[in-house]
Structures are given as C-alpha cells and as structure tokens.
Amino acid sequence: MIKLGSHVSMNGREMLLGSVEEALSYGASTFMVYTGAPQNTRRRPIEEMRIEDAKRRMREVGIDPADVVVHAPYIINLANPDPNKRDFAVSFLSEEVRRAEAIGASDIVLHPGSHVKQGVEEGIAYVIDSLNRVVEKTPGMQVRIALETMSGKGTELGRSFEELRRMLEGVEARDRFSVCFDTCHTHDAGYDVRDDFEGVMETFDAVIGLEKLTVFHLNDSKNERGANKDRHANLGKGYIGFERIRELVHDPRYAHIPKILETPYVTRDETAKKREFPPYKEEIEMLREGRYDDAFIERIRRRHLKE
Ligand code: FE
Ligand code: FE
Ligand code: ZN
C-alpha cells in the first residue's frame, strides 16, 4: 500500500479521531498533524486528544499509527540566542515528543531553527545542545525527531544536507533523529529536484545516508530553484511539476516512507485571498492513479461550491 496523505487538523471535540476521519475523507492511507495551531504553543492535555478512539478507528481501516507523522510548531526556535527563549523551546519540544509518542507516531518533524544573527556556526551549536536536552527530558521514547530539509529563507538552518549532517553527527543519541525531505524546500534551497532527482538522492545518501530518511513532504514550488523562498504550490502548478512527485510516490525504494502533502488550500475564485478548500482528495487521487488533470483546481472549486 502506498503511504500517502496530507496534513490534517486536530481540534474541536474530536481531536485525533477527527484527524483520522479527515484523512479518510481524502482517501489517504496516513496523515500528519500539528498537535495544535502551528503558529502557537497552546496545547490540550494528552488525555483530551482522544488517542485511543483514534487508534481504534485506525485499526478498523488499516492505518498503522507508526505511519502517522506529527509536526512540531514552526515558531519554536532551538537556535534562539536568548537562553530563556531557548529553554522554553526545549521544554515545549519535549512535551511535543511526549504527545507524538502517545499517538504512536514514528516521527515528529522539526524545523531545526533560525540563527537570527549570530551566524551558522553558533546556530548549529545551539540546535545540537537543545536537541541533546530534549532527549534528556524524554528518556526511552521511541519517536524520532525528523529534522526537515529547509528552503534557506532568512537565516534558517538546515538549508543543505551538510548542515543537517552536522546536527545529526553532533547529537549524542543519534538513533533518536532522522530526516524529513521536503521537495519544495530542497528545490528552493537549490537542489535539482525536478531534473536530477536521482542525483539529489545520491548526494543525500552520500552526505546523510538514506537510512536516515523517514518522511517525505510532497509540495510543488512557486519559485525557481535556488530562490530560498519556501512557498508551496499545488501539484503541477509550480516549478517542480507533477511527474517528479508522481515518480517519487511510486518508487519502490521509498515505499516504506510516509509521504505527506502540504500543498496550499484552494481559493473560491482566482481573485480571492482566503484559501478555503483542501486540495488533498484530488491530489491524492491523481498521484495514486498517476494521471494529471490540469483542471483539478477548478474541479475542487466546483465540488465545494456545490456542497
Ligand atoms: Fe515543515
Ligand atoms: Fe514541509
Ligand atoms: Zn515549507
């Protein structure tokens, strides 16, 4: 079975059970959740997340909780030069690791951090130190922290495989860490994802090691290769193209790795600013069947406006 899904929400009374239902409504076989709003750190206690109900439902429909991916909020910055803010980030991430472990997820994806202004060297040193402290605060946990490949916007760390390697080699408990490969981010960081994906993966293997790769984020990119921008596009609507993502999804070498769409919601019409409709049902279907429909955005609008 192809391990393919999207990020879904977790809120209301249904919490994780609602996440499972949302994933099923897209025809997904896995999913990714933020344990609350990605831009803040307000979280419900683990007991209110309805994890057991969600797991029961997953068993019914054949989703393995180990394929579920958690994403840490992107505002926590392990490289923050302010020690108090770094302490907060460490404590918060430790709580997130506990929540991910309770869900039974194999990986929690993390943006390694931004160095703000003290430079890459110091930034990476802070990240490593912070990660070691998170491991200390969460002894014996199975869930891995998957460092995400970043686009290099601003002062983001992890914009190259080499930077990620330094983090992975710098931490004490190496088996507690892995890597999430984001197709938009690596393309934006300058890797030739569109025309030389084989070469990119060979480089990944040489620098980091393919055994460390545990999550894919599937996104097209609104910007040219090397733009360091991080703006996701819907499948086939950007500079990477549908073919690359389709091949990746069907590549038997990566069959065991959960693949998660984070493409943007669709607007009501061309001029609307507000994004309202999830594209995942249509995108998952196109990837599964390997057939691209150029008019799928229109189709999504029609379907939702009729409902
Ligand atoms: Fe991310
Ligand atoms: Fe991502
Ligand atoms: Zn992104």
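Counting starts at 1 for both ligands and their atoms, in listed order. As a basis for the values below, the full set of heavy atoms in this structure was taken, side chains included, without hydrogen atoms, waters or symmetry mates. Along the sequence shown, residues are numbered consecutively beginning with 1. The structure displayed is predicted, hence computed values, not measured ones.
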**Report entry** Of all N/O/S atoms in Asp182, the name of the one nearest the Fe ion (ligand 2)
**Finding:** OD2
Query raised in the report: N/O/S of His71 less than 2.8 Å from the Fe ion (ligand 1)?
Result: yes
Requested in this report: Please work out whether the ring planes of Phe216 and Tyr254 are parallel, tilted or perpendicular, with thresholds of 30° and 60°.
Outcome: perpendicular
Query raised in the report: Can you name the N, O or S atom of His217 that is closest to the Fe ion (ligand 2)?
Result: ND1
Report task. Just to the nearest 10 degrees, tell me the angle at the Zn ion (ligand 3) spanned by Asp230 OD1 and His232 NE2. Result -> 90°
Query raised in the report: Between Tyr239 and Arg194, is there a cation-pi geometry (under 6.0 Å to ring centre, at most 45° from the normal)?
Result: no
Query raised in the report: the Fe ion (ligand 2) to His232: any N/O/S contact under 2.8 Å?
Result: no
Report task. Restricting to N/O/S, name the atom of Glu262 that gets closest to the Fe ion (ligand 2). Result -> OE1
Requested in this report: Run the salt-bridge test on Glu163 and Arg166 with the 4.0 Å N-O cut-off and return the result as yes or no.
Outcome: no
Requested in this report: Please determine if the Fe ion (ligand 1) has an N/O/S atom from Glu148 lying under 2.8 Å away.
Outcome: yes
**Report entry** Ser130 side chain vs Leu78 backbone, donor-acceptor pair below 3.5 Å
**Finding:** yes
**Report entry** Rounded distance (nearest 0.5 Å) linking atom CG of Leu157 with atom OH of Tyr126
**Finding:** 12.0 Å
Query - Salt-bridge criterion met for Glu282 and Arg303 (N-O under 4.0 Å) - result: yes
Report summary line: Looking at His111, the N, O or S atom sitting nearest the Fe ion (ligand 1) is NE2
Report task. Check whether any N, O or S atom of His217, backbone or side chain, sits closer than 2.8 Å to the Zn ion (ligand 3). Result -> no
**Report entry** Taking every non-hydrogen atom, the tightest pair across Ile51 and Ala102
**Finding:** CG2-O, 3.4 Å
Query raised in the report: N/O/S of Asp182 less than 2.8 Å from the Zn ion (ligand 3)?
Result: no
Requested in this report: Could you tell me whether the Zn ion (ligand 3) has an N, O or S atom of His185 under 2.8 Å away?
Outcome: yes
